[in-house]
**Q** 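Please see the structure below; I have some questions.
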Number of protein chains: 2
Amino acid sequence: MTTAMRLSWKDVRDQIHEAILTGRYMPGDRLPRDADIAEDLNCARSTVQRAMQDLSDSGLVERRRKGGTRVRPDPVTRATLDIPVTRREVEQKGSRYGYQMIRREIKTAPSRVLGVFELAEPQKMLQVEALHLSDGRPYILEDRWICLRTVPEILDVDLAHQSANEWLVLNKPYSRCDLRFYAESADDQTADLLGCGTESALLVIERTTWVEEAPITTVKAITAPGYQLLTRS
Amino acid sequence: MTTAMRLSWKDVRDQIHEAILTGRYMPGDRLPRDADIAEDLNCARSTVQRAMQDLSDSGLVERRRKGGTRVRPDPVTRATLDIPVTRREVEQKGSRYGYQMIRREIKTAPSRVLGVFELAEPQKMLQVEALHLSDGRPYILEDRWICLRTVPEILDVDLAHQSANEWLVLNKPYSRCDLRFYAESADDQTADLLGCGTESALLVIERTTWVEEAPITTVKAITAPGYQLLTRS
DNA sequence: GACAAAATTAAGTAGGCACATAATATTTTT
DNA sequence: AAAAATATTATGTGCCTACTTAATTTTGTC
């Protein structure tokens, strides 16, 4: 033997990935069992297991007990998005962050909001409308509903100076988060607040969070024209 | 001892997660070393390691050798998106899928395309414009460029009957994929093809793929009005 | 042949050990 | 006091073994 440095699970993963890329295994094909691959490559089964888990997480293969591992027959593009706190997002671009509360009101949540929270009975929530600024220019307009039953402390927070976005993310970690992206035309009021033309096409990010079963908040974040979401490299 | 079933790494993960949720550890705080947690919970360090890796992957904590583990001071919302092949997406909704090629042309790629591929020199590529239909109605309009140097076989594919989307995903797995989402107003031609009003706000998904360093394809997928992207539950 | 029970199989997980690696802290040297 | 060498430490990885779990597949029975 010359050198034969031990294979890392990433090496194993890359070799299998490579085999799939070069067509050695096609979508739907079954791969050898972990134990056999391990023997082939002269490494431990646990190393192959970790490699396979990673490929499975990234959506490239499917694994089933007894069924073995196969290349996903219906390939999906699986992407990971990082959505930071807006302040950080702006600062990371090298811009100056600004925040402005527009409205703050306690009222019964409309059915749209109850719907996303999967709630049956109406209840009072805190609605906050606010504008995030980048270098003084409108960046994101958010319309947020906060569940007072789950987060009563929010009433003591000075939302005129600290964004609910930031306070919540630091003080109310969630256990579940649903996201939704779509495009919407600016209505008159939105266009006015974002300083863009009416009917401008805007990317909207809706985010709803829970702790266990309890609703925390739902936000409709309307981004200014030109905003783009990128997958993390 | 009563039962004391062994702790699974998911139990450990959930316990730590819980501790963070309830504020026992705040953003920025350092957590005990894996070994100590393992002793506390009476399990193996490798179990804690797996739990921590998972929390780290999901963006909740940061881990550094010697530095230990700490709760991420700048919490991010990390979400995973699955983008299936369009045909499957339509069929999964219970709709009938349709496909229609609009244009197919070999020409020098414009600088926009060279740009996304990070290519310096101009080269010829295959441009394909096509429409995906759901129950006969326009669903996604795609403008695609395929690199002939990397995928010369595409010239032999009958793109009038099989979508490039599908052929590529089954025959040319990628090793890198960049995604970009934004909103755009429909221009006259787009509005016409998608059967919507001019100036409609449309969600655009741009996807660019490579095998190693070699460009495969870049698509600008313009979705019909009402299209929404959801994170996978 | 149809259905149920039992055996088999391959991935999933827990534990334990040894060592690698990357930060950080400490000590020594200049 | 600054810089360089060294020790320390917590996570990361690999290996091995044993056992669990979920699917099949086989076998047995009616």
**Q** So, is B/Thr69 near the phosphate of D/dT11, with a side-chain N or O under 4.0 Å from OP1 or OP2?
**A** yes
**Q** What parts of residues 49-58 of chain B reach DNA chain D, counting only heavy atoms under 4.0 Å away?
**A**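 The stretch gives B/Gln49, B/Gln53 as the residues lying under 4.0 Å from the strand, ordered by number.
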**Q** To the nearest 0.5 angstrom, please state how far the CZ atom of A/Arg64 sits from the OG atom of A/Ser56.
**A**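 Reported value, rounded in 0.5 Å steps: 12.0 Å.
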**Q** Within this structure, what is the CG-to-P distance between B/Leu7 and C/dG12, rounded to whole angstrom?
**A**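 In whole Å, C/dG12 P lies 21 Å from B/Leu7 CG.
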**Q** Please work out if B/Arg70 contacts a base, only the sugar-phosphate, or nothing of the nucleic acid, heavy-atom cut-off 4.0 Å.
**A**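 No contact at all - B/Arg70 keeps every heavy atom at 4.0 Å or more from the nucleic acid.
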**Q** Assign B/Gly67 to base, sugar-phosphate, or nothing according to its heavy-atom contacts below 4.0 angstrom with the strands shown.
**A** nothing
**Q** Taking only residues two or more places apart in sequence, or in another chain, which ones meet B/Lys220 in a side chain to side chain donor-acceptor pair (under 3.5 Å)?
**A** B/Glu184
**Q** When the distance from CD of A/Glu39 to C1' of C/dA10 is rounded to whole Å, what number comes out?
**A** 15 Å
**Q** Can you name the nearest heavy-atom pair linking B/Ala221 to B/Ile140, along with the distance?
**A** CB-CG2, 3.8 Å
**Q** Measure CZ/A/Arg45 against C1'/C/dA10 and give the value in whole Å, please.
**A**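 Taking CZ of A/Arg45 and C1' of C/dA10, I get 8 Å after rounding.
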**Q** Taking the six-membered ring for Trp, is the centroid-to-centroid distance between A/Tyr227 and A/Tyr139 below 6.0 Å?
**A**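 Yes, ring centres under 6.0 Å apart.
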**Q** Using a distance-only criterion (donor-acceptor N/O pair, under 3.5 Å, no hydrogens), is the base of C/dT21 paired with the side chain of B/Arg65?
**A** yes
**Q** Is the shortest side-chain N/O distance from B/Thr47 to OP1 or OP2 of C/dT13 below 4.0 Å?
**A** no
**Q** Rounded to the nearest angstrom, tell me the gap between atom CG in B/Asp11 and atom P in C/dG15.
**A** 11 Å
**Q** Choose from D/dC15, D/dT11, C/dT24 the nucleotide whose nearest atom is closest to any side-chain atom of B/Arg63.
**A** D/dT11
**Q** Where the side chain of B/Arg33 is defined as all heavy atoms beyond and including C-beta, which of D/dT13, D/dA10, C/dT24 is the nearest nucleotide?
**A** D/dA10
**Q** Calculate, to the nearest 0.5 Å, the distance between atoms CD1 and CZ belonging to A/Ile16 and A/Arg24 respectively.
**A** 10.5 Å
**Q** Could you state the atom-to-atom distance from CG of B/Asp34 to P of C/dG16 in whole Å?
**A** 15 Å
**Q** When you get a sec, tell me which of C/dA11, C/dT8, C/dG15 is the closest nucleotide to the side chain of A/Lys66?
**A**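 So the nucleotide nearest the side chain must be C/dT8.
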**Q** Under 4.0 angstrom, heavy atoms only, what part of the nucleic acid is B/Ser46 near: base, sugar-phosphate, or nothing?
**A** base
**Q** Kindly compute the distance separating OH (A/Tyr174) from OG1 (B/Thr77), expressed to the nearest 0.5 Å.
**A** 3.5 Å
**Q** Testing the 3.5 Å rule here: is there a donor-acceptor pair between the side chains of A/Asn165 and A/Thr86?
**A** yes
**Q** Given atom CG of A/Asp14 and atom P of D/dT13, what is their separation to the nearest angstrom?
**A**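 It works out to 13 Å between those atoms.
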**Q** Here's a test of your reading of the structure: between A/Ala44 and B/Arg64, which maps to the more 5' nucleotide of DNA chain D?
**A** B/Arg64
